[in-house]
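To start, the structure itself, in structure tokens.
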Number of protein chains: 2
Amino acid sequence: METIAILGVGLIGGSFAKALRAAGFPGRILGVSSPQVEREALDLGVIDEAPGFEQAVQQADLIYLAQPVLRIIEILPSLDPLVRPTALITDAGSTKAQIVQKASDSIRRAQFLGGHPMAGKETRGVRAADAALFQGRTYILTPTSPRDLETEPALRLQELIRMTGATLRVLPPDEHDRVVAYLSHLPQLLSTTLASTLSEIIEPKYFPVAGPGLIDCTRLALSSYEVWKDILATNHSSIDSALSLYIEHLQQLKKNLASHDLTKTFDSAASFAAHIRKQRTE
Amino acid sequence: METIAILGVGLIGGSFAKALRAAGFPGRILGVSSPQVEREALDLGVIDEAPGFEQAVQQADLIYLAQPVLRIIEILPSLDPLVRPTALITDAGSTKAQIVQKASDSIRRAQFLGGHPMAGKETRGVRAADAALFQGRTYILTPTSPRDLETEPALRLQELIRMTGATLRVLPPDEHDRVVAYLSHLPQLLSTTLASTLSEIIEPKYFPVAGPGLIDCTRLALSSYEVWKDILATNHSSIDSALSLYIEHLQQLKKNLASHDLTKTFDSAASFAAHIRKQRTE
């Protein structure tokens with residue numbers, strides 16, 4: 001019987017398990033987390049068994065690493081002696097270059113194929129896990145060679161990802177990290193900085209003035225630093241470039257605010273915003 | 001029979017009309033817009049009649065100005081000779097100080113009371129009008145003296161606003177403009193600048209990488225400059241201050257990205273984001 005081991009049964013790991021189950025996956029789903037989370041995940045029916053780290057890794061056909069990025073990097077070397085030679089190790093970490101490098105250095109006895117589901121929400125933990133989280137989302141795989149996608153276990157992973165309702169895209173690890181610095185990490189930092197700036201200057205009596213626009217722009221600000229510190233640490237140079245470019249554009253806008261016609265800025269912004277929405281509904 | 005004249009039957013004016021009708025308002029609703037929009041609004045049943053500017057203003061008990069800010073400022077003096085002495089003129093403009101000043105200079109024969117519904121969406125026009133747009137939103141009134149709220153037509157306006165499902169708050173015009181510079185205009189400019197920056201650097205092949213966070217952060221970027229140019233022109237100094245403070249915080253974050261623990265920034269941001277949400281559901 002096919003066996004999947006999910007290491008880190010939180011929002012992403014738990015949602016992957018629930019999505020597969022909802023799509024009719026007939027195999028076993030093992031979970032490895034803290035004792036408390038394992039109990040919760042068993043109670044909620046998100047995983048079938050929690051046999052412990054060694055047992056889970058030894059039995060799995062697919063090992064799905066859904067921990068924070070630095071924890072994934074840390075745990076990779078300990079997987080190699082345990083893993084079945086026919087197994088595939090994949091991960092759902094938000095940055096890819098350092099993880100893929102570490103896997104290439106430390107995984108010898110099985111295949112590693114990095115991944116990143118472009119899905120999430122502000123609530124963490126297995127209780128927030130949702131069978132529909134990946135539905136309609138892009139799921140990026142980051143092979144180091146095209147052949148990585150053509151092995152039998154890699155083809156099976158792609159099949160499982162499609163079962164979650166996600167659409168597959170392929171990007172090299174470095175390119176992935178540069179692109180998400182702009183499309184994911186930059187919006188996170190703008191949202192966090194907006195909310196932290198406002199928290200200093202806006203008295204609570206004015207909170208009811210917040211309209212739907214501010215609510216949208218501060219949803220990401222609900223995210224925890226626990227999740228983000230590893231991302232910032234492993235993609236620093238691209239994030240720094242993205243922030244620099246953004247600050248430059250914001251200074252330009254501020255300068256032009258009174259004196260210039262901003263039609264072009266608003267038009268290119270509206271066009272970009274419309275395009276990324278169209279892409280998602282295709 | 002009670003008569004309301006809506007000048008500018010777009011998203012806000014049309015939604016006000018539809019909300020009142022849905023709540024059982026038994027009077028007449030007149031609309032004044034371009035001939036094409038008047039026809040559309042009549043066809044959609046958003047307004048009952050379109051008797052033209054002079055007739056509408058002469059017949060109305062409540063005149064509701066829902067045009068762009070500079071158009072409201074421009075039209076105010078022409079209302080005074082036409083308006084009934086017992087009528088109330090109000091507006092839904094996004095900035096208040098210049099409108100209230102102009103009304104105080106030019107409206108002599110009736111009462112003016114400024115307002116601002118903290119509601120909206122990225123789609124403009126009467127076709128986007130929605131009876132539920134004000135539901136659960138804050139509706140700010142900006143009297144220049146507390147007595148402005150206690151006249152008979154002002155009490156009736158407050159009753160009508162409550163019928164739309166909005167919650168009333170009162171702020172002096174200057175204070176309103178300072179607060180919305182931070183809570184509404186700043187998020188708009190961050191969103192527009194984010195989308196316009198990304199439109200320059202991100203190739204379309206990467207658009208599918210956009211996750212739900214970027215979608216949220218770029219919703220405001222769909223807004224049109226037609227709406228925003230008047231807001232930016234009539235609240236420039238407060239918006240400039242808000243942008244300066246934000247840029248300063250962003251530069252600080254960029255500096256600390258690699259070297260510092262950002263727990264405090266993320267925590268204060270998450271706490272602010274949670275509080276403005278809580279406030280809205282109370």
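To find a chain, count down the sequence lines: A is the first, B the second, and so on, and within it residues start at 1. The analysis underlying the following values was restricted to heavy atoms, covering all of them including side chains, and did not include hydrogens, waters or symmetry mates.
- Of the listed residues A221(B), A233(B), S223(B), the one with more heavy-atom pairs under 4.5 angstrom with chain A than any other is A221(B).
- Contacts between Q188(A) and chain B at a heavy-atom distance below 4.5 Å involve the side chain alone, from C-beta outward.
- Of the atoms belonging to I140(B), it is side-chain heavy atoms, and not backbone ones, that fall under 4.5 Å from chain A.
- Looking at every heavy atom in both residues, P208(A) comes nearest to T138(B) through O-OG1, 2.5 Å.
- Once rounded to the nearest 0.5 Å, the distance linking CG of L262(B) with CH2 of W228(A) reads 12.0 Å.
- Here the NZ atom belonging to K254(B) is positioned 12.0 Å from the CD1 atom belonging to I239(A), to the nearest 0.5 angstrom.
- For D261(A), the parts sitting under 4.5 Å from any heavy atom of chain B are the backbone and the side chain alike.
- Contact count versus chain A (heavy atoms, under 4.5 Å) is highest, among L194(B), V180(B), T265(B), L245(B), for L194(B).
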Residue pair L214(A), L186(B): steps toward the side-chain contact (heavy atoms from CB on, under 4.5 Å) verdict: CA-CA 9 Å; L214(A) 183 64; L186(B) 180 61; over 6 Å; no

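- If you measure heavy-atom distances from S244(A) to chain B, the contacts under 4.5 Å come from both the backbone and the side chain.
- Atom-to-atom distance recorded for F272(B):CZ and T197(A):OG1 is 9.5 Å, nearest 0.5 angstrom.
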Derivation and outcome, side-chain contact (heavy atoms from CB on, under 4.5 Å), residues V209(B) and L171(A): CA-CA 10 Å; V209(B) 177; L171(A) 283 178; 4.2 Å; yes

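- Between Y225(B) and H260(A), the shortest heavy-atom distance links the atoms OH-O, 3.7 Å.
- Of the two parts of E203(B), neither the backbone nor the side chain holds a non-hydrogen atom closer than 4.5 Å to a non-hydrogen atom of chain A.
- Among all heavy-atom pairs drawn from A273(A) and T218(B), the shortest one is CB-O, 3.5 Å.
- Contact record, Y206(A) with L183(B): O-CD1, 3.5 Å, taken as the closest heavy-atom pair.
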Chi angles and distances behind the side-chain contact (heavy atoms from CB on, under 4.5 Å) call for T193(B), L190(A): CA-CA 11 Å; T193(B) 304; L190(A) 302 192; over 6 Å; no

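- R277(A) places a side-chain heavy atom less than 4.5 Å from the side chain of I215(B).
- With values rounded to the nearest 0.5 angstrom, L232(A) atom CG is found 5.5 Å from F266(B) atom CZ.
- The SG atom of C217(B) sits 4.5 Å away from the CG atom of L220(A) when rounded to the nearest 0.5 Å.
- Of all non-hydrogen atoms in L222(B) and A274(A), the two that sit nearest each other are CD2-N, 3.6 Å.
- Q252(A) does not touch chain B: none of its heavy atoms, backbone or side chain, sits under 4.5 Å away.
- With a 4.5 angstrom heavy-atom cutoff, S184(A) does not touch chain B via any of its atoms.
- In this structure, I202(A) CD1 and Y182(B) OH are separated by 7.0 Å, a value rounded to the nearest 0.5 Å.
- Proximity to chain B is absent for every atom of E226(A), based on heavy atoms less than 4.5 angstrom apart.
- Of all heavy-atom pairs between A195(A) and A269(B), the closest is CB-O, 3.5 Å.
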Q251(A) vs Q251(B), side-chain contact (heavy atoms from CB on, under 4.5 Å): CA-CA, chis, key distance, verdict: CA-CA 11 Å; Q251(A) 280 165 333; Q251(B) 279 166 331; 3.3 Å; yes

